[in-house]
Amino acid sequence: MIVKTLADFNLKQIAASGQCFRLEETAPGRFHLLASDQYLEILDMGGREDTPVGEPYRTYGFSCTEQDFEEFWSPYFDLSADYGAVKRLVPERDRYLRNAVSFGGGIRILRQDLWETMVTFLISQQNNIPRIRRCIRLLCKNYGNAVTDSSGQIHYGFPGPDKLASASEDELRNCNLGYRAKYIQKTAQDVSDGSFCLESVRHMDYPAAREALMSCYGIGAKVADCICLFALHHIEAFPIDTHIRQVLEREYPQGFPVSCYNGCAGILQQYIFYYELFHSGK
DNA sequence: TTTCAGGCCTCCA
DNA sequence: TGGAGGCCTGAA
């Protein structure tokens, strides 16, 4: 296990922010994370939250080598980005956003796998988080590769498009996907036969990637924006779901000042989302 | 029992 | 072209 003290990084907040359904707190302060076929255990060793806005830090133990951390996990957690600089863009007069940033200051936008993110956010539509997690667990167990951790426990990696394309809609429905099974089946087929190219989407700018994603069966504006933000790291993407829509109507009736945030409004969206869901003192 | 959850598609006017 | 209705399922 390697130990790291990290600024603007709180795994509990990241797990609760709902951007990654395979990051789970399995016991207080203990997390496990599956990303594609990689498995990581993480131990929260404490830290400080009562620092000036934007500078919380915590210490974590990671069950990987220094090399794996630097090559895979550090980019995955977006650790080279300065989130303090984003927080400082929020003006003093915007008390709501200042509170949201202070409350969820350890959130980062993960850099997740494109295919995995497409499928998980197809599942997320009109759905709740416990059920989304169950669906993904079933999908991985039925179609993913087994990954054994250091204690010999088996976990399952995320199934690739070919694997899901070979499953029938009824078989996918058995993963509790409901009507979303046909979206996943069709999208997997399109990726598998090359009519939708993941690699080209990776190289598109935000508007082009969003439009390309929305051409997939079952992917609308909200899901496309989530994929752009959480997989392609287009941090200007600003997904609007029912929670965010309510906030915009209540706090920003003139519209959210996207232009103030220098192409990183999506990060602010995550602070707002987390604040709305978990802040009880409003 | 009903509503709603991190929407999207299809149909019809 | 825009709006209404249907869709899986389970927690509250």
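Computed over heavy atoms, backbone and side chain alike; hydrogens, waters and symmetry mates excluded. Convention: sequence-line order gives letters A, B, ...; per-chain numbering from 1.
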Give me the distance, rounded to whole Å, that separates [N] from [M] when you measure between the [atom1] atoms they each carry.
| N | M | atom1 | answer |
| --- | --- | --- | --- |
| C:dC8 | B:dC11 | P | 14 Å |
| C:dG10 | B:dC9 | P | 24 Å |
| C:dG5 | B:dT3 | P | 14 Å |
| C:dG6 | B:dT2 | P | 15 Å |

Do NZ/NE/NH1/NH2 and the carboxylate oxygens of [X] and [Y] come within less than 4.0 Å?
| X | Y | answer |
| --- | --- | --- |
| A:Asp82 | A:Arg88 | yes |
| A:Asp78 | A:Arg108 | no |
| A:Lys186 | A:Asp190 | yes |

From [options], pick the nucleotide closest to the side chain of [X]?
| X | options | value |
| --- | --- | --- |
| A:Phe21 | B:dA5, B:dC8, B:dG6 | B:dG6 |
| A:Asp241 | C:dC8, B:dG6, B:dC8 | B:dG6 |
| A:Arg173 | C:dG10, C:dC8, B:dG6 | C:dC8 |
| A:Gln125 | C:dT9, B:dC8, B:dG6 | B:dC8 |

Answer with base, sugar-phosphate or nothing: what part of the nucleic acid does [X] contact at a heavy-atom distance below 4.0 Å?
| X | result |
| --- | --- |
| A:Phe230 | base |
| A:Ser17 | base |
| A:Ala221 | sugar-phosphate |

Gap between atoms [atom1] and [atom2], on [X] and [N] respectively (whole Å):
| X | N | atom1 | atom2 | value |
| --- | --- | --- | --- | --- |
| A:Leu138 | C:dT9 | CG | C1' | 13 Å |
| A:Ile129 | B:dA5 | CD1 | C1' | 10 Å |
| A:Asn174 | C:dC8 | CG | C1' | 13 Å |
| A:Arg134 | B:dA5 | CZ | P | 17 Å |
| A:Tyr179 | B:dT10 | OH | P | 13 Å |
| A:Lys182 | B:dC8 | NZ | C1' | 9 Å |
| A:Ile240 | B:dG7 | CD1 | P | 12 Å |
| A:Arg210 | B:dG7 | CZ | C1' | 13 Å |

Exercise for the section: Using heavy atoms to find the nearest nucleotide of DNA chain B for A:Arg180 and A:Tyr217 separately, return the residue whose nucleotide is more 5′. Expected result: A:Arg180
Exercise for the section: Starting from the 5' end of DNA chain B, give me the residue, A:Gly218 or A:Gly18, whose nearest nucleotide shows up first. Expected result: A:Gly18
Problem - Test of ring centre spacing under 6.0 Å for A:Phe238 and A:Tyr206 - result: no
Handout entry: Aromatic ring proximity, centroids under 6.0 angstrom, A:Tyr261 and A:Phe256
Key = yes
Practice task
Examine the base of B:dG7 for any acceptor or donor lying under 3.5 Å from a partner atom in the side chain of A:Lys222, and report the outcome as yes or no.
Solution key: no
Handout entry: Check: C:dC8 base within 3.5 Å donor-acceptor of A:Arg131 side chain
Key = yes
Parallel, tilted or perpendicular: which fits the ring planes of [X] and [Y], with parallel below 30° and perpendicular above 60°?
| X | Y | result |
| --- | --- | --- |
| A:Tyr60 | A:Phe62 | tilted |
| A:Phe121 | A:Phe21 | tilted |
| A:Phe103 | A:His279 | perpendicular |

Exercise for the section: Give the stems involving DNA chain C, where a stem is 3 or more consecutive Watson-Crick or G-U wobble pairs (i with j, i+1 with j-1, and so on) under 3.5 Å. Expected result: B:2-5 with C:9-12, B:7-13 with C:1-7
